[in-house]
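As structure tokens, the structure follows; a few thoughts come after it.
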2 protein chains.
Amino acid sequence: MSITIKDVAAGAGVGVGTVSRVLSGSTSVSKQTRQRVEEEIQRLHYVPNSLAGALSSRRSGIVGIIVPTLEQSIFADTVDGAESELNVRNLQVMVGQTKYDIGREAELVKAFLKLRPEGLILTGSNHLPIVHDLLNAADIPVAECWGRAETPIGISVGFDNQAAARDIVTHMIDRGRRRIAMLCTPRYFDNRLQQRIDGYEEAMNLHGLEIDVHDSIEGASTYSGFHQSGKVLDHILQQRPDTDAIFCSDDFNAVGALFRCQQRGIWVPNQLSIAGFVDLPIASGITPAVTTVRVPRWEIGATAARNLAAMANGETIPERIIDLGYEIIVRETT
Amino acid sequence: MSITIKDVAAGAGVGVGTVSRVLSGSTSVSKQTRQRVEEEIQRLHYVPNSLAGALSSRRSGIVGIIVPTLEQSIFADTVDGAESELNVRNLQVMVGQTKYDIGREAELVKAFLKLRPEGLILTGSNHLPIVHDLLNAADIPVAECWGRAETPIGISVGFDNQAAARDIVTHMIDRGRRRIAMLCTPRYFDNRLQQRIDGYEEAMNLHGLEIDVHDSIEGASTYSGFHQSGKVLDHILQQRPDTDAIFCSDDFNAVGALFRCQQRGIWVPNQLSIAGFVDLPIASGITPAVTTVRVPRWEIGATAARNLAAMANGETIPERIIDLGYEIIVRETT
DNA sequence: TTGAAAGCGCTAACAT
DNA sequence: ATGTTAGCGCTTTCAA
């Protein structure tokens, strides 16, 4: 079997308690003893078994983060932000992907809870009842991300999707557009998409403009993503050839629509104005660069993690709902 | 504290052993007992503590996977493939990102080993000596991915980067290109990039053509990625205006170069031929679609995971070096 | 500053 | 088919 703390203790001629103290960086170990123990650790390539440590100390040192997918940079950045904050605090991150499936989310929560995480970061605030039960029974710090949960389980870290959508649509209206369609892909089981649609409708209604929301036909897969968006664009233009602007539910759709325009020879923004959401690297990389909403996806993860870590240490968080805001980035497509 | 197996046992009026048997799906439990226990589990929202279970059974049910980054779909797909195979086997996946830092990789290996994973999936085969020591002492199944390790620690799952690069460059030569430059971003601490360069040089040498390799000036960040590649393209064309083709070390560089061409009015492929590597969704989504090498990034993760799981069960793997191949995808940019 | 010992919550071997 | 019990490898009192 693998080396244990006993082997180290025996090798260094001390008790296991002392080795444990060295490992935890406790001050009450004499310099020489510490050194002897550390040498023995090196020599044996001893790696502490944190499963045992966690069981004993009731601190797993694990924080779970559950996101819809890692396949797009969208949430990878959030995971990244969380990881940065957690790693400096000696916490291990467990990542799970729901694949936009609310049932899978529940499975993941259950699987994660088995490892007794010190905190859990979830995306959105739409969960199965069992998740609430489980989380309630587990009694650990929880952060819900990417939206503004009105009554969060623990805390909420995100931004106002509806206001962001309203603002960017208003920007297009200000630019003189009148027949603005919305192009969506229905990949969220959460209500983020609905909030963006609400924001679009809010802006349109305020200006007495006609609402025109289009979902893509099938669920979007990563691979067909761009083409899928292109097809929806075709559909929109076929139904209403006088459409002069497209608000897309995210940058992937915006880029897909833009590609389609380039193929069809539609001049953007002159003939058709396009706006996205999220501000992925591709939005600024492409020509023409895409007007979009910049959302703090890295900060969302980092802020959630930071607060979770504090809560795990028994600190109290002043604000349960943390709004990180957003920014309208005007580029060349509008 | 949280609910334990004792609470369930007491509530159901059975011994802890019986509850454990129910949990593990053992057949030697009467139907009625099983049902009574399961009801109690439901009622209490009991979630087994797998830290304790792992400690006792010496099976953590955890498999670690360490990739350079999740910010690009490149490795996210590999993680995804691994996750798919592992989840059906009731194994939890721990993901770590090295950020292309070989020292961080060592840290991650150490952190993961503390959780006594049943296997570890690494990217590439260039590791610090300490990693070899640690892995050796831990004595667990290890898979190295994305390359062809000549002497893998455990097994190697990937493809021949050099041959792939050679083949796609040969394709450009066959199309009549003669002055082919290579555009790279030096983000790999692993030798994958070098192997691709070797493949490029192999093809060029074979046809007596002049070699011209360009690295980007700074390390590429995700955000500046496309612009960065564009700048390198500018540099290449400034130094050798008669360059008629660019082989890029990955699709991000290819797309970045293509964007730059569109900005500068360079006609692709007529004036300049461009090829990438990996076959990301953007490569087929963009117009003109990018010629590239399709690599089995999802299968790499899945195959590694499948074999690791088998090894963890004591099975012997026939082949230590698994070559999943690649495919040249000719599209519109060449 | 240190050693000894009692758990942490589970699994698995051994009884019955 | 089921209960009992001895660990798994740590952490954390409690003494010394």
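Every chain is numbered from 1, with letters handed out A, B, ... down the list of sequences. Reckoned from all heavy atoms, side chains included, excluding hydrogens, waters and symmetry mates.
The side chain of B:S30 places no N or O atom within less than 4.0 Å of a non-bridging phosphate oxygen (OP1 or OP2) of D:dA1. Note on B:Y46: a side-chain N or O is less than 4.0 Å away from OP1 or OP2 of C:dC10. Using a 4.0 Å cut-off, some side-chain N or O of B:T33 falls inside it from OP1 or OP2 of D:dT2. The side chain of B:R58 contributes an N or O atom lying less than 4.0 Å from OP1 or OP2 of D:dG9.
For the pair B:L55 and B:K31, nearest-nucleotide mapping onto DNA chain D gives the more 5' position to B:K31. Where B:S56 and B:Q32 meet DNA chain D, the nucleotide closest to each residue was compared, and B:Q32 sits on the side nearer the 5' end.
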I'd like a table of atom pairs between the protein and nucleotides 13-16 of chain D - only N or O on both sides, under 3.5 Å - with the distance next to each one.
none

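When heavy atoms are screened at a 4.0 angstrom cut-off, A:S57 is found touching the sugar-phosphate backbone but no base atom.
Heavy atoms only, all atoms of each residue included: A:I121 and A:G301 are closest at CD1-O, 4.5 Å.
Within 6.0 Å of CD on A:E315 lie more than 12 heavy atoms contributed by other residues, nucleotides or ligands.
Listed candidates were C:dT2, C:dC10, D:dT11. Nearest to the side chain of B:T4 is C:dC10. Closest to the side chain of B:T18, out of C:dT1, D:dT2, D:dC10, is D:dT2.
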